[in-house]
Protein chains: 2
Amino acid sequence: MSSMSTTAAVPTTRMASDERRALVLEAATGVFGQRGYAGTTTDQVATAAGVSQPYVVRMFGTKEKLFLAVLHRALDVLMAAFRRSLAEKSAIPVHDRLGLAYADLLTDRGLLLSLMHGFVLGSDPEIGKTAREGFLEVYNFLKVDVGMTPAEASDFLAHGMMLNTLVGLRMTDDYDTNPDARELLETAMPTKLGLLRGPTNSEGA
Amino acid sequence: MSSMSTTAAVPTTRMASDERRALVLEAATGVFGQRGYAGTTTDQVATAAGVSQPYVVRMFGTKEKLFLAVLHRALDVLMAAFRRSLAEKSAIPVHDRLGLAYADLLTDRGLLLSLMHGFVLGSDPEIGKTAREGFLEVYNFLKVDVGMTPAEASDFLAHGMMLNTLVGLRMTDDYDTNPDARELLETAMPTKLGLLRGPTNSEGA
DNA sequence: TAGATAAGTAATCATTCGATTACAACACTG
DNA sequence: CAGTGTTGTAATCGAATGATTACTTATCTA
């Protein structure tokens, strides 16, 4: 026993700070993705991660540094997925393979949405810098590593921004009830639509 | 904390509430576009509009209703620009004309960015509803009024989301110093780039 | 096993912010 | 010009939130 204080559910087990940090980062990605940077509280992140609010703050210093860490991690995951997809040998054209890899990331709810929130905060000195660098990193990857022309890379990114927007809009919520939403979704994301419906719901902002 | 001394800056002139409302709405569009919904305070809007903070709140009821009004206005302006552009008789293909009309709107700093901020807040019950409806309104316009196929409309919107993102990123700030940023901008927005540079700057988040 | 180090929390503080209230003055109508 | 509705503000409140402090307790090592 030896459990003590008011609140129950005492795990009493400790974790290495690295693991805990990764866990908090994932939780933060989800919350930031749903509510945006300013709309997210450190307490919401803490609750999602199952730790206390002061711990979240102390672990990353400030809320802004936490968000920057989320952005960096999201870009790392994205680039890793792209590089993996590029390295694959397959009959499918590279462009399509990358598109599928990107669509796969959409299932990780907050990941691309956290990035998207960062992208529209370019006026913030720190966040804007990180966001621009990340965006250009992807652009360069598409050109240099994949071998796309500027126009091809731009179009690929445009398609990605469209997918991000549709997810951010939660357009999938209207799939069953709104024929327009359905048509748009099936046009914009022909494959992989199934991934977004089902585990997509829950949580009302 | 907006103004300064006790009785200063006395304009002494009244305004019809309609004018004042429109003025506040424009100011709010600018601030929301730059800082997002949650990142904007009603006092920032009030200062930008040159009125007091309580007045802004009372005029719209709540901050959320103010943001919803901003979204509705932005959609109205956007649709009006599209309809006007569609009605024009010109040698330029409709698709290109609409693209130019959209690019023109980018010069109104907050307008498309406020929309974009709304688009990524789909999890919010009220904002999400408005954002989805607005997005689908544009999609339907492109199909029904312009006569685009679903695929054409989707691609057009994708391009628009890309432009919004580049503006949100303030990528234009790096135009002179970063060759990648320059190339990307010139690829993604071949015309109209000039509109975004120059009056684009000012205001640090 | 003592003791240090690191993981983690409860309590709390200072600000910020949206909202409310009470009040002031301009402008129109009769 | 009296009276009234509307435009607008100053003052302020209560809740929320990021951050700090001080304190516990698990785990590792000498």
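Treat the numbers as computed from the prediction; the structure is a model and nothing was measured. In the text below, chain A, chain B and the rest are named by the order of the sequence lines, each starting its count at 1.
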- Note on the structure: Taking C:dA19, D:dG18, D:dT9 as options, the one with an atom nearest any side-chain atom of A:T42 is D:dG18

- Minimum-distance nucleotide to A:P54 side chain [options: D:dG8, D:dT21, C:dA7]: D:dT21

- In Å, rounded to the nearest 0.5 Å, how long is the span from NZ of B:K143 to CG of B:N140? 5.5 Å

- Query: Of all the nucleotides listed (D:dT9, C:dG8, D:dA19), which has the minimum atom distance to the side chain of A:Y55?
  - Reply: C:dG8

- Note on the structure: Atom CD of B:Q53 and atom P of D:dC13 are separated, to the nearest Å, by 15 Å

- Task: Please state how far atom CZ in B:R21 lies from atom P in D:dG8, giving the value in whole angstrom units.
- Result: 14 Å

- Message: Aromatic contact between A:H95 and A:F156, with the criterion being ring centroids under 6.0 Å apart: yes or no?
- Response: yes

- Item | Charged N-O contact under 4.0 Å between B:E133 and B:K129 | yes

- Protein-nucleotide distance (B:L23, atom CG; D:dG8, atom C1'), rounded to Å: 14 Å

- Which distance, rounded to the nearest 0.5 Å, do you find between the CG of B:L78 and the CD of B:E137? 8.5 Å

- Message: So if I take every side-chain heavy atom of B:R58 and compare against D:dA19, D:dG8, C:dT9, which nucleotide ends up nearest?
- Response: D:dG8

- Query: To the nearest Å, how far apart are A:E19 CD and C:dA6 P?
  - Reply: 17 Å

- Could you give the NZ-to-P distance, from B:K63 to C:dG18, as a whole number of Å? 5 Å

- Task: With the side chain of A:T41 defined as its heavy atoms from C-beta on, choose the nearest nucleotide among D:dG18, C:dC17, D:dG8.
- Result: D:dG18

- Message: Hydrogens and angles aside, do B:R35 and A:S123 bring a side-chain donor and acceptor to less than 3.5 Å of each other?
- Response: no

- Task: Mind calculating the distance between CZ (A:F67) and C1' (D:dT17) to the nearest angstrom?
- Result: 18 Å

- Task: Using atom CG of A:D43 as one end and atom P of D:dT20 as the other, report the distance to the nearest whole Å.
- Result: 17 Å

- Query: Between B:S17 and D:dT7, does any side-chain N or O lie under 4.0 Å from OP1 or OP2?
  - Reply: yes

- Could you state the CE-P distance from A:M59 to D:dT20, rounded to the nearest angstrom? 16 Å

- Between the base of D:dG8 and the side chain of B:R20, is there any donor-acceptor pair under 3.5 Å? no

- Message: Judged by each residue's nearest nucleotide on DNA chain D, which is more toward the 5′ side, A:T62 or B:D18?
- Response: B:D18

